[in-house]
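Working notes, beginning with the structure itself.
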Amino acid sequence: MDTQDANTMTIKHLIFSLLAMTVSALLHAEPQLIDRVVAVVDDDIIMESELEQRIKTVGVQSNQNELPEADTLREQVLERMITESVQLQVADRAGIRISESQLDDAMGRIAAQNGMSLAEFQQAMTSEGVSFAYAREQIRNEMRISRVQQYQVGERIEITDQDIDYFLASDIGRIASAAEYRLRHILISVRSGAAPQEYKEAESKADKLVAALRDGADFGKTAMAESQGRTALNGGDMGWRKDAQLPSIFADIAPEMSVGDISDPIRTASGFHIIKLEDKRGGNSQLIQQAEVRHILITPNEVRDQDQARELINQIYERLKAGADFAELAREYSDDPGSGASGGDLGWVSPGDMVPEFEQAMDVTPTGELSTPVRSQFGWHVLQVTDRREADIGEEVQRNQVRQMLYGRRFEEELPIWLRKIRSEAYVDIKEQP
């Protein structure tokens with residue numbers, strides 16, 4: 001046997017020896033627990049590492065509020081995770097998904113609500129010891145759970161017109177739906193027992209202030225400079241007051257004023273009062289400006305790119321300017337399935353009903369005239385404002401608000417019932433605690 005053969009045999013012997021030592025060490029070593037199942041929930045499992053991560057997150061989110069003892073906290077968090085797992089499996093069966101773009105939008109909104117950019121939000125989460133990827137997945141799950149709750153619980157709830165009528169007729173309904181007024185106030189005071197001449201001088205001053213205010217003087221600055229009322233240093237701002245909370249001297253005047261109005265001087269024993277209706281909300285009166293609009297929409301598609309869509313809308317615009325019938329062209333060309341068949345008619349449009357680009361074009365287009373082609377997320381539009389009006393939608397808004405409030409109440413009552421039902425129907429096996 002030459003030297004090379006001897007070296008080869010030595011290396012093989014060394015390798016076998018190392019392998020034998022490793023196997024022996026593994027056979028005699030104490031087993032190390034890496035992770036374990038703490039609960040089986042239908043087709044899902046909850047691992048101890050997931051539970052520990054959630055407990056850690058709860059601690060971060062507690063904002064130094066006192067938490068229960070460790071065993072109690074662990075039990076509560078595990079039960080919450082079980083309930084979430086059951087709901088997520090219901091969402092899976094219902095085909096409820098959250099796209100990456102929807103999740104990105106939600107993360108952006110959460111960051112903005114906390115006064116941060118998305119990058120700053122990610123950094124804040126990391127500094128708190130919470131993985132951003134974990135937080136992102138938790139938010140996705142919360143969105144899916146919210147949707148499945150709306151589908152499963154919301155479909156059981158029906159708010160009728162009679163329900164709304166009963167609420168509005170109740171004492172609490174009348175209070176909740178009462179109009180609120182935000183007033184500014186100036187007081188030109190007159191001392192007790194003042195001579196008639198002092199009243200005349202105070203009234204003359206009040207008249208001059210009203211004239212100046214109606215001519216454009218700033219009410220807040222005027223109140224700070226001239227008022228002897230308690231709210232003078234706040235620019236005369238009395239805050240929001242419901243009907244029943246208005247001072248008796250203003251109770252009959254404020255409801256008859258329009259937003260921005262300045263009252264005539266109001267004489268009382270303490271002097272002369274001037275009020276401005278700064279704003280109004282609630283009640284069964286709310287005036288808005290509406291426009292009656294029709295439009296033609298051209299959208300890019302498989303056979304028409306963005307440039308071709310713009311070229312076609314420009315051709316339609318030129319034909320309309322030359323006198324072509326708007327309704328006929330809308331029926332022939334418009335890609336809006338809702339309005340195209342009716343000659344492009346969108347009916348009466350309220351502020352906020354349309355996308356911003358469309359609404360901006362609508363606002364600046366004179367009644368009876370055409371807008372130039374305008375692009376929105378839906379494609380290219382030519383619109384015509386056929387009429388304008390001031391509409392009172394207060395009652396409609398009020399009833400919608402009551403409907404949403406009653407729905408929210410009913411939802412909060414039905415949700416725990418549904419959660420108990422799906423929890424009791426699920427197979428749950430909680431493993432023995434260490």
Side-chain angles (χ1 to χ4, degrees), residues 37-47 50-51 53-55 57-58 61-62 72-113 130 133-168 170 172-173 176 338 396-431:
V37 175
V38 293
V40 178
V41 186
D42 281 338
D43 298 329
D44 189 22
I45 59 173
I46 298 173
M47 304 300 294
E50 296 174 312
L51 176 58
Q53 176 65 60
R54 182 65 71 86
I55 292 171
T57 303
V58 170
Q61 295 174 341
S62 67
T72 303
L73 177 62
R74 182 184 178 90
E75 182 180 345
Q76 291 175 349
V77 172
L78 179 57
E79 181 57 37
R80 185 190 304 175
M81 293 178 72
I82 290 170
T83 305
E84 289 176 3
S85 177
V86 175
Q87 293 178 87
L88 288 170
Q89 291 181 71
V90 174
D92 286 337
R93 292 191 290 271
I96 297 173
R97 303 285 184 269
I98 303 296
S99 69
E100 291 300 313
S101 62
Q102 290 171 325
L103 184 57
D104 288 341
D105 290 343
M107 298 289 287
R109 286 194 297 272
I110 294 171
Q113 288 168 4
V130 178
Y134 171 80
R136 183 179 172 87
E137 197 58 30
Q138 285 301 113
I139 291 170
R140 187 198 299 274
N141 288 340
E142 288 172 10
M143 292 173 69
R144 294 180 66 214
I145 288 172
S146 177
R147 289 194 181 183
V148 79
Q149 288 177 355
Q150 292 296 329
Y151 292 146
Q152 297 288 330
V153 180
E155 67 179 9
R156 307 179 182 190
I157 300 171
E158 181 183 4
I159 306 299
T160 66
D161 288 339
Q162 191 175 43
D163 293 330
I164 297 172
D165 291 339
Y166 283 153
F167 178 82
L168 290 173
S170 68
I172 189 172
E396 178 185 348
V397 170
Q398 183 186 67
R399 293 183 70 85
N400 285 338
Q401 290 173 341
V402 172
R403 186 184 301 277
Q404 292 171 7
M405 184 269 293
L406 293 177
Y407 175 90
R409 283 184 178 179
R410 200 81 57 83
F411 185 88
E412 291 301 319
E413 294 168 359
E414 293 288 339
L415 179 59
I417 298 172
W418 178 72
L419 289 176
R420 285 197 299 271
K421 177 177 181 294
I422 63 172
R423 172 66 171 82
S424 65
E425 293 173 349
Y427 170 78
V428 178
D429 180 14
I430 300 176
K431 303 300 182 180

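As the structure is a prediction and not an experimental result, all values here were calculated from the model.
Here Q152 contributes atom CD and L415 contributes atom CG; the two are 11.5 Å apart, rounded to the nearest 0.5 Å. Here T160 contributes atom OG1 and L406 contributes atom CG; the two are 9.0 Å apart, rounded to the nearest 0.5 Å. Between atom CD1 of residue I417 and atom CD1 of residue I422 there is a gap of 13.0 Å, rounded to the nearest 0.5 Å. With rounding to the nearest 0.5 angstrom, the OG atom of S170 is 11.0 Å from the CG atom of D165. A distance of 4.5 Å separates CZ of R74 from CG of L51, quoted to the nearest 0.5 Å. Once rounded to the nearest 0.5 Å, the distance linking CG of L88 with CD1 of I145 reads 4.0 Å.
A side-chain N or O of Q102 and one of S99 form a donor-acceptor pair less than 3.5 Å apart.
Atom CD1 of I172 is surrounded by 12 or fewer heavy atoms from other residues, nucleotides or ligands within 6.0 Å. In this structure, E75 places its CD atom where only 12 or fewer heavy-atom neighbours from other residues, nucleotides or ligands lie under 6.0 Å away.
In this structure, the side chains of V38 and M47 stay at 4.5 Å or more apart for every pair of heavy atoms. Considering only heavy atoms from C-beta on, M405 comes within 4.5 Å of R409 through its side chain. Between V41 and M81 the shortest side-chain heavy-atom distance does not fall below 4.5 Å. A heavy-atom distance below 4.5 Å is not found between the side chains of Q89 and E84. The closest side-chain heavy-atom distance from I82 to I430 is below 4.5 Å. Side-chain contact between R147 and I98: present, with at least one pair of heavy atoms (C-beta onward) separated by less than 4.5 Å. Inter-residue side-chain proximity for E100 and R140 is flagged as met; some heavy-atom pair is nearer than 4.5 Å.
With sequence neighbours left out, D92 forms a side-chain contact (heavy atoms from CB on, under 4.5 Å) with R97, R144. Here E50 pairs with nothing under the side chain to side chain donor-acceptor pair (under 3.5 Å) rule; sequence neighbours left out. In terms of the side chain to side chain donor-acceptor pair (under 3.5 Å) criterion, E155 has no residue partners (sequence neighbours excluded). For D104, the salt bridge (Lys or Arg N to Asp or Glu O under 4.0 Å) partners are R136, not counting sequence neighbours. Residues that satisfy the side chain to side chain donor-acceptor pair (under 3.5 Å) test with T83, not counting sequence neighbours, are absent from this structure.
A salt bridge between D161 and R403 is present, with a side-chain N of the basic residue lying under 4.0 Å from a carboxylate O of the acidic one. Electrostatic pairing of R410 and E158 does not count as a salt bridge here, judged by no charged N lying under 4.0 Å from a carboxylate O.
When D43, D44, N141, D42 are each tested for a side chain to side chain donor-acceptor pair (under 3.5 Å) with S85, only one passes: D44.
For A39 against L78, the heavy-atom pair with the smallest separation is CB-CD1, 4.2 Å. What you find for V402 and F167 is that their closest heavy atoms are CG1-CD2, 3.5 Å. What you find for Q87 and W418 is that their closest heavy atoms are OE1-CZ3, 3.7 Å. The two residues I164 and I159 come nearest to each other via the heavy atoms CG1-CG2, 4.2 Å.
Within the structure, salt bridge (Lys or Arg N to Asp or Glu O under 4.0 Å) pairs that include any residue of residues 413-422 comprise K421-E425 (at least two apart or interchain).
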side-chain contact (heavy atoms from CB on, under 4.5 Å) evaluation trace for L419 with R423: CA-CA 6 Å; L419 289 176; R423 172 66 171 82; 6.0 Å; no
